[in-house]
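What follows is one structure encoded as structure tokens, with my remarks underneath.
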Protein chains: 2
Amino acid sequence: MVSSKDVAKHAGVSQTTVSRVLNSPEFVKKPTFDKVMKAIHDLNYVPNGHARSLVQNKTSTIALLSGPLHNPFFVDTTSAIVHYANEMGYRVNVQFVNDEKLNEAYATAIEHKVDGVILSCILLDDPIFEKLTRMDIPFITYNRKHKNNEHFVEIDNFKAGYLAAQHMIEQGHTAIAWVGGTLTVSTFNNRYLGFLQAMKDYKLCLPEQYIINTDASKQAITDAFHKLMKLEHPPTAICAGADSLALFLIDVAIQENYTVPQDISIIGIDNVDISSHGSIQLTTVGSISEQNLGYLAIRELIEMIENKKNSCIQITESVKVFHRSTTRKN
Amino acid sequence: MVSSKDVAKHAGVSQTTVSRVLNSPEFVKKPTFDKVMKAIHDLNYVPNGHARSLVQNKTSTIALLSGPLHNPFFVDTTSAIVHYANEMGYRVNVQFVNDEKLNEAYATAIEHKVDGVILSCILLDDPIFEKLTRMDIPFITYNRKHKNNEHFVEIDNFKAGYLAAQHMIEQGHTAIAWVGGTLTVSTFNNRYLGFLQAMKDYKLCLPEQYIINTDASKQAITDAFHKLMKLEHPPTAICAGADSLALFLIDVAIQENYTVPQDISIIGIDNVDISSHGSIQLTTVGSISEQNLGYLAIRELIEMIENKKNSCIQITESVKVFHRSTTRKN
DNA sequence: TATAAAAATGGTTACGTATTCATTTTGGTT
DNA sequence: AACCAAAATGAATACGTAACCATTTTTATA
């Protein structure tokens, strides 16, 4: 492997000068600069990023711990995060983690002394939080948050759950079910609480069988749907804890020859990009702002890294209903 | 930052022993091992990956240069690639590149001495190819390939184009249009050639206005659709060069109050995961095998990295039609 | 017990860069 | 020409690890 020493020798200068040519060319005379550049080109030299990271203690790398891409929410956020980070000169190490394999993911992230960590998949009560804090690595969570989290970006999850229920109620539904994810996740927890509050405020009956909080796998959602529709009095509407769940539900419904929304109304939360596709037209609750959570989070993280500011970043975006075609008057 | 020297001092051993505890514990006595582990834990030590990379000339990192995630094909492949790589102990540096900003992307990838590069976005006649070869970094392309490419994984694009046209013809269509991407991309080029061949074999008339090869942006596809449907004799069927294009077309069609497939049949190529969703049910041509191209590519790349084998990897997967609900008898 | 072999540990160095400080060269002024 | 300040360059070092070789300690064998 050709190093800056080789370049120096080839150009008849010192390694220091080679380094200067690349990092502070204003301090080197034109002829010297040209000589070195020629040598760099001749030898096909590429500086070694690891050596630089080692000496500068700066990696220009960010670790992204995202949820899986089969959830369209993470498609949108991952895309936004990687694009913005690259634009700002950072490389992004991506990992798609499920909640179990979290520890490994953190380990590899930390070993490489990334400049910052941006993550979604943290539990309300996650020991990882302390580790990251102790490591003194800037980090921010998006979508989810930790119980004593300082830096996070989220939507108003409680209100989102509330609005979802309210929307169904306003459409004349009374038999409204909830299908959400595990409550150890802040997002699902708050959305669920919002849903409950609306049902209470509007004095609607909510039988226990109408409430399903399970893991977010396709299989679990399929089972949930079956369970609901086989009840003696099946619901006429389902509020899903996330668009990804809503899309699963719709898929299952169609497979089982139900028509959405004629047979059953379904609303999601997140307003993922694909929900507005003509073939899907998912009614959902999402951020009022155009910018997705991933973008907001990475912007703040890079701000934290570069300006070392330690003021708390706590962004909660307002939400509204996007009324499309998967819900209708009952 | 706490280093292995600090650990060594704290444990009363040499730095070498600390290194051994972590990398070849079988050569260190139990009591010493315990002492060191305690020190590691006490000091909250995490080894520095960059220093290790520097001395070992091995990074356990792979650069992924993918197309954008709004194309669902890249959602599937990115997911598969990152998952498999992580499982095999590699970190993945992801960049979503458009064809213009390719050079920057390569530069940052190469600077960090990644163990390998996996890329989709290469043009048939791309100077990058030579650079990578000269750098002696193992690399493989998926989906697309370079004109003198050695390692690649693709589907049988020519046949895919052929089958798409054939499917429409068998459904009784005669006015069949083509909407594909730029022909400097191997994938689109071969699919287009296959389409042409089928039209020729079946002796179908193909007016020039029925052929649109443009960039793959939503706007361009919208324009293409308008152009086609405003013709005096609009087509009754469109073969799209990729599922992403087909999905754009369907979205536009629905917005413009066309019904798919009643008003117009549309077929894609790739069989992306989302195409089988109940709300979409896109008829498409895709690989016979279950495994997506990203998975095949990363598997081969890691094989190349670890076994230094230099036999050419040239995988072309057979394809078939997945007949769903966006095409029908004319 | 003596001795050789094996096991365990330590000292030193290299990896490739940026940085600090010292030295040389340049250019301007008298 | 002499001198000084400024500009340009170079030498030496640190970053944190793994690897190589040397040394010490332990174990097995006669």
Side-chain angles (χ1 to χ4, degrees), chain A residues 1-40 43-61 107-108 110-115 135-137, chain B residues 1-37 39-40 43-61 89 107-108 110-115 135-137:
Chain A
M1 180 185 311
V2 36
S3 74
S4 58
K5 277 183 192 169
D6 300 325
V7 174
K9 196 176 296 176
H10 190 268
V13 299
S14 71
Q15 182 267 330
T16 309
T17 299
V18 175
S19 177
R20 253 192 293 258
V21 165
L22 293 173
N23 299 298
S24 47
E26 64 274 20
F27 292 133
V28 34
K29 266 208 297 196
K30 188 71 179 14
T32 317
F33 179 88
D34 292 340
K35 262 195 306 186
V36 173
M37 285 310 270
K38 181 175 181 314
I40 286 177
L43 300 181
N44 203 23
Y45 166 72
V46 180
N48 184 316
H50 296 291
R52 180 187 295 144
S53 293
L54 187 56
V55 65
Q56 289 189 324
N57 201 26
K58 215 282 187 186
T59 61
S60 293
T61 303
T108 69
I110 291 173
E111 268 197 20
H112 285 80
K113 305 278 177 268
V114 292
D115 292 343
M135 274 298 161
D136 204 31
I137 296 177
Chain B
M1 181 186 311
V2 37
S3 73
S4 57
K5 277 183 192 167
D6 301 325
V7 174
K9 196 175 296 176
H10 190 267
V13 298
S14 71
Q15 182 267 328
T16 309
T17 299
V18 175
S19 177
R20 253 193 293 261
V21 165
L22 293 172
N23 300 297
S24 47
E26 64 273 21
F27 292 134
V28 36
K29 268 209 296 197
K30 187 71 182 7
T32 317
F33 179 89
D34 291 340
K35 260 195 309 186
V36 173
M37 285 309 271
I40 286 177
L43 299 181
N44 203 23
Y45 166 72
V46 180
N48 184 314
H50 296 289
R52 181 188 292 143
S53 293
L54 188 57
V55 65
Q56 289 188 325
N57 201 27
K58 216 284 189 187
T59 61
S60 294
T61 303
T108 68
I110 291 173
E111 268 198 19
H112 284 79
K113 304 280 176 269
V114 292
D115 292 343
M135 274 299 161
D136 204 31
I137 296 177

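In what follows, every chain begins at residue 1, and chains take the letters A, B, ... in the order their sequences are listed.
- The distance between atom NE2 of A:H50 and atom P of C:dT17, rounded to the nearest whole Å, is 12 Å.
- The distance from atom CG of B:N57 to atom P of C:dT13 is 22 Å, rounded to the nearest whole Å.
- Summarising the geometry, the separation between NE2 on A:H112 and C1' on D:dT17 is reported as 12 Å, rounded to the nearest angstrom.
- One cannot find a donor-acceptor pair under 3.5 Å joining the base of D:dA11 and the side-chain atoms of A:Q15.
- Here A:V13 lies in heavy-atom contact (under 4.0 Å) with sugar-phosphate atoms only.
- Candidate nucleotides C:dT9, C:dG16, C:dT12 were compared by shortest atom distance to the side chain of B:T32, and C:dT9 ranks first.
- More than 12 non-hydrogen atoms from other residues, nucleotides or ligands lie less than 6.0 angstrom from NZ of A:K58.
- The main-chain N or O of A:H50 is never found under 3.5 Å from a side-chain atom of B:H112 such that the two would form a donor-acceptor pair.
- Both B:F27 and A:M1 lie close to DNA chain C; mapped to their nearest nucleotides by heavy-atom distance, the more 5′-ward contact belongs to B:F27.
- B:K58 places its NZ atom 17 Å from the C1' atom of D:dA19, with the value rounded to the nearest Å.
- Residue A:L54 has its side chain nearest to C:dG16 when only C:dG16, D:dA12, D:dA19 are considered.
- Atom pair B:Q56:CD and C:dC15:P shows a separation of 14 Å (rounding to whole Å applied).
- Taking 4.0 angstrom as the limit, B:S19 places a side-chain polar atom (N or O) nearer than this to OP1 or OP2 of D:dA18.
- Closest to the side chain of B:R52, from the set C:dT9, D:dA18, C:dT17, is D:dA18.
- When each of B:K29 and A:K29 is assigned the nucleotide of DNA chain C bearing its nearest heavy atom, the one mapping closer to the 5' terminus is B:K29.
- Of the candidates C:dG16, D:dG16, C:dG10, the closest approach to any side-chain atom of A:V55 belongs to C:dG16.
- As a whole-Å value, the separation of A:K113 NZ from C:dT17 C1' is 18 Å.
- Listed pair A:N48 / C:dT17 fails the phosphate criterion, with no side-chain N or O lying under 4.0 Å from OP1 or OP2.
- For the atom pair B:D115 CG and B:S53 OG, the distance stands at 8.0 Å (nearest 0.5 Å).
- One finds a side-chain N or O of A:S14 lying less than 4.0 angstrom from the OP1 or OP2 phosphate oxygen of D:dG10.
- The distance from atom NZ of B:K9 to atom CD of B:Q15, rounded to the nearest 0.5 Å, is 12.0 Å.
- The NZ-C1' distance, from B:K9 to C:dG10, rounds to 16 Å in whole Å.
- Separating the NZ atom of A:K5 from the C1' atom of C:dG16 is a distance of 7 Å, rounded to the nearest angstrom.
- Proximity note for B:T16 (side chain, C-beta onward) versus C:dT17, C:dG10, D:dA18: the nearest is C:dG10.
- Note on A:F33: nothing from the nucleic acid sits closer than 4.0 angstrom, heavy atoms only.
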task = Give the C-alpha distance, both sets of side-chain angles, the deciding distance and a yes or no for side-chain contact (heavy atoms from CB on, under 4.5 Å) between B:T61 and B:K113.
result = CA-CA 8 Å; B:T61 303; B:K113 304 280 176 269; over 6 Å; no

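- Checking the phosphate oxygens (OP1, OP2) of D:dT17, a side-chain nitrogen or oxygen of B:S4 falls inside 4.0 Å.
- The side chain of B:T17 contributes an N or O atom lying less than 4.0 Å from OP1 or OP2 of C:dG10.
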Let me have the donor-acceptor pairs involving side chains of residues 22-32 of chain A, under 3.5 Å, with sequence neighbours excluded, atom names and distances please.
from  : atom 1 : to    : atom 2 : distance (Å)
A:N23 : ND2    : A:S19 : O      : 2.9
A:N23 : ND2    : A:S19 : OG     : 3.4
A:K30 : NZ     : A:D34 : OD2    : 3.1

